[in-house]
Amino acid sequence: MIAEITGLELSPQYLALLFEVDALFCNDDRHLSNIVAIEQGGQYDYCPIFDIEPPTLISESL
């Protein structure tokens, strides 16, 4: 449905990338408010990955 609305055909791959990066950095804070597309002048583009918390396991041991 995202691809139909935005025209972003790689939406499934983008979501997979988000979750892979979250797994790599042990980010458990991904939610619908930080999965976004950028709209400008009626054109959509993928948003840079943001809201990655520092890994809990590493930050607690420092």
Side-chain angles (χ1 to χ4, degrees):
M1 179 147 188
I2 295 170
E4 294 169 4
I5 295 170
T6 64
L8 298 175
E9 297 297 326
L10 297 178
S11 295
Q13 292 88 335
Y14 176 72
L15 291 174
L17 175 65
L18 283 178
F19 297 129
E20 289 169 357
V21 169
D22 287 343
L24 179 66
F25 290 101
C26 300
N27 182 23
D28 60 357
D29 187 39
R30 182 68 56 201
H31 48 81
L32 294 178
S33 293
N34 59 23
I35 299 175
V36 297
I38 298 172
E39 184 272 329
Q40 185 174 18
Q43 298 293 316
Y44 291 87
D45 201 358
Y46 300 99
C47 183
I49 297 174
F50 65 95
D51 196 21
I52 298 177
E53 299 292 325
T56 304
L57 296 175
I58 295 173
S59 62
E60 287 180 0
S61 65
L62 294 176

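- Closest of all the heavy-atom pairs between Ile38 and Pro48 is CD1-CD, 3.9 Å.
- Rounding to the nearest 0.5 Å gives a distance of 8.5 Å between CG of Asp29 and CG of Asp22.
- Looking at Tyr46, its side chain does come within 3.5 Å of a backbone N or O of Leu10 through a donor-acceptor pair.
- Take Tyr44 and apply the ring-ring contact (aromatic ring centres under 6.0 Å, His included) test, not counting sequence neighbours, and it matches no residue.
- Exactly one residue among Asn34, Ile49, Asn27 makes a side-chain contact (heavy atoms from CB on, under 4.5 Å) with Leu18. That residue is Ile49.
- The environment of Gln40 atom CD is sparse: at most 12 non-hydrogen atoms of other residues, nucleotides or ligands sit within 6.0 angstrom.
- The shortest heavy-atom contact between Glu9 and Pro12 is O-CD, 3.8 Å.
- Arg30 contributes atom CZ, which lies 9.5 Å from atom CG of Leu15 (distance to the nearest 0.5 angstrom).
- Taking each heavy atom of Ala3 and Leu8 in turn, the nearest pair found is CB-O, 3.4 Å.
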